[in-house]
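To start, the structure itself, in structure tokens.
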Amino acid sequence: MPKRSVQQRAGYRGEAFVDKAVSDAGHVWNDTKRDFAVDGQIEFVDVDREVTGVAVLAQVKGTEVGFRGETATGFKFTCKRSSRLVLRAT
């Protein structure tokens with residue numbers, strides 16, 4: 001039987017986390033079945049619960065060891081001009 005790697009587990013857990021965080025915020029997460037750098041799309045929903053037609057593509061990164069800047073109460077990430085936007089719910 002094949003084995004599931006630590007990286008695969010972290011990836012699936014990361015995508016499940018984003019799915020729940022987006023849903024909890026009232027928006028829609030659409031995962032992609034073919035993973036070529038884009039893991040899903042977030043569609044934004046307005047205050048009247050109508051889908052706005054505005055969406056962003058997302059690449060999810062997961063880890064089992066945590067991120068630099070992470071504490072028990074939150075997460076800090078300083079963007080540089082060349083960095084991509086990183087979002088994380090706490």
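For reference, positions follow the sequence shown, starting with 1.
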TODO: Decide yes or no on side-chain contact (heavy atoms from CB on, under 4.5 Å) for T32 and Q41, but give the supporting numbers first.
DONE: CA-CA 8 Å; T32 57; Q41 173 180 300; 6.0 Å; no
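Between V51 and F44, every side-chain heavy-atom pair lies at or beyond the 4.5 Å cut-off. Here the side chains of R4 and Y12 are in contact, with some heavy-atom distance below 4.5 Å. Contact annotation: the side chain of E64 approaches that of R9 to within less than 4.5 Å [non-hydrogen atoms, C-beta and beyond]. Between Q59 and V38 there is no side-chain heavy-atom pair separated by less than 4.5 Å. Between F17 and V22 there is no side-chain heavy-atom pair separated by less than 4.5 Å.
Separation of atoms CD (E43) and OG1 (T52) is listed at 8.0 Å; rounding is to 0.5 Å. Rounding to the nearest 0.5 angstrom, the gap separating the CG atom in D19 from the CG atom in D39 is 12.0 Å.
R49 CZ: 12 or fewer foreign heavy atoms inside a 6.0 Å radius.
Counting all heavy atoms, side chain and backbone alike, W29 lies closest to A58 at CZ3-CB, 3.8 Å. Of all heavy-atom pairs between D46 and D48, the closest is OD1-N, 2.9 Å. Across every non-hydrogen atom of G26 and V45, the tightest pair is O-CB, 3.2 Å.
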